[in-house]
Amino acid sequence: MGWKTLNSEVVFDNPWMRVHDDDVINPRGGNNRYGWVHFKNRAIAIVPIDAEGHTWLVGQDRYTLGKYSWELPMGGGALDEEPLAAAQRELAEETGLIAEDWQELMHVAISNSITDERGIVFVARGLTAGDPAPDDTEKLAVRRLPFSEAVQMVLNGDIDDALTAAALLRVAVETSASIPRT
């Protein structure tokens, strides 16, 4: 037996997410309350890779964690928006980069115990530089670095954003890039 929803109440709703408080029967047959978040966008992340084997990271202060975070260029794409169009927009906004070649790399469940948020990761190549135009709420630092250094940042724990870590490691494995040892 799987989960069964007896009652669902929306306890918070804004343009980006809706929070539910549900009465459920769990897979073992017990009654529980289950809080979960529905996201009204999907997460879109981009691994830009240039001809020299460098990538770009975006640094920003993350309110929810109370710390500075290095991540791939990423943002939200409306559920009715083509994911590639969202990826192209986010890459240009956050880094100023325009890419000729795009490859969809992977789909990720971001935190499937408390949210239905899904993420899509793209690899972007054939890059041309431009001027970033971040959102009004973003104060971003943009960093170009060798791809292997970005992977090392994941292995060292300097990057702990799940979508960034999964994407960088996936590209490293798929391209047979050498993963540095710590």
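Excluded from the calculations below are hydrogen atoms, water molecules and symmetry mates; all remaining heavy atoms, backbone and side chain alike, are included.
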Asp101 atom CG, neighbour heavy-atom count above 12 within 6.0 Å: yes
Minimum side-chain heavy-atom gap Glu82-Gln88 below 4.5 Å: no
Check: Ser111 main-chain N/O paired with Thr115 side-chain donor or acceptor under 3.5 Å: no
Rounded distance (nearest 0.5 Å) linking atom CG of Asp161 with atom CD of Gln60: 9.5 Å
Closest contact, heavy atoms only, Asn41 versus Ala78: OD1-CA, 3.2 Å
With His54 via ring pair (Phe, Tyr, Trp, His ring centres under 6.0 Å) - residues at least two apart: none
Expected output: side-chain Thr95 to main-chain Leu97 donor-acceptor under 3.5 Å: yes
Student check: side-chain heavy atoms of Phe122 and Val47 closer than 4.5 Å: no
Verify same cluster id: Leu84, Leu105 (apolar side-chain graph, 4.5 Å): no
Side-chain donor or acceptor of Thr55 paired with backbone N/O of Pro48 under 3.5 Å: yes
Closest contact, heavy atoms only, Leu91 versus Ala124: CD2-CB, 4.0 Å
Worked check of salt bridge (charged side-chain N to carboxylate O under 4.0 Å, His left out) between Lys40 and Asp13: CA-CA 10 Å; Lys40 298 178 182 180; Asp13 194 14; 2.5 Å; yes
Check ion pair Arg18-Asp116 (N to O, under 4.0 angstrom): no
Where Val142 and Glu94 come nearest, the two heavy atoms and their spacing: CG2-O, 3.2 Å
Residue pair Asp160, Lys67: steps toward the salt bridge (charged side-chain N to carboxylate O under 4.0 Å, His left out) verdict: CA-CA 11 Å; Asp160 62 2; Lys67 70 174 214 151; 3.0 Å; yes
Arg42/Glu81 ion pair, N-O < 4.0 Å: no
Nearest atoms (heavy-atom pairs only) where Glu117 meets Ala43: OE2-CB, 3.7 Å
Six-ring centre of Trp102, Arg125 cation under 6.0 angstrom, axis tolerance 45°: no
Side chain proximity check, Val37 to Ile114, heavy atoms < 4.5 angstrom: no
Derivation of the side-chain contact (heavy atoms from CB on, under 4.5 Å) call for Met17 and His38: CA-CA 6 Å; Met17 67 180 164; His38 164 70; over 6 Å; no
same_hphob_cluster(Met74, Val171) at 4.5 Å side-chain heavy-atom cutoff: yes
Asp22 side chain to Ser8 side chain, donor-acceptor N/O pair below 3.5 angstrom: yes
Side-chain donor/acceptor of Asn14 to backbone N/O of Trp16, under 3.5 Å: yes
Donor-acceptor contact below 3.5 Å, side chain Tyr34 vs main chain Val24: no
Single-linkage hydrophobic cluster, 4.5 Å side-chain cutoff, Phe39 and Trp36 together: no
Non-hydrogen atoms of Trp70 and Ala141 that approach each other most closely: CZ3-O, 3.7 Å
Within one Ile-Leu-Val-Met-Phe-Trp-Tyr cluster: Leu145 and Val123, side-chain cutoff 4.5 Å: yes
Flag if over 12 foreign heavy atoms under 6.0 Å of OH, Tyr63: no
Salt-bridge contact Asp50-Arg144 (side-chain N to carboxylate O under 4.0 Å): yes
Heavy-atom pair of closest approach, residues Leu72 and Ala167: CD1-CB, 3.6 Å
Distance, nearest 0.5 Å, that separates CG of Leu127 from CD1 of Ile49: 9.0 Å
Worked check of side-chain contact (heavy atoms from CB on, under 4.5 Å) between Met153 and Glu149: CA-CA 6 Å; Met153 290 175 71; Glu149 285 185 28; 5.6 Å; no
Ile46 side, atom CD1; Arg89 side, atom CZ - distance, nearest 0.5 Å: 9.0 Å
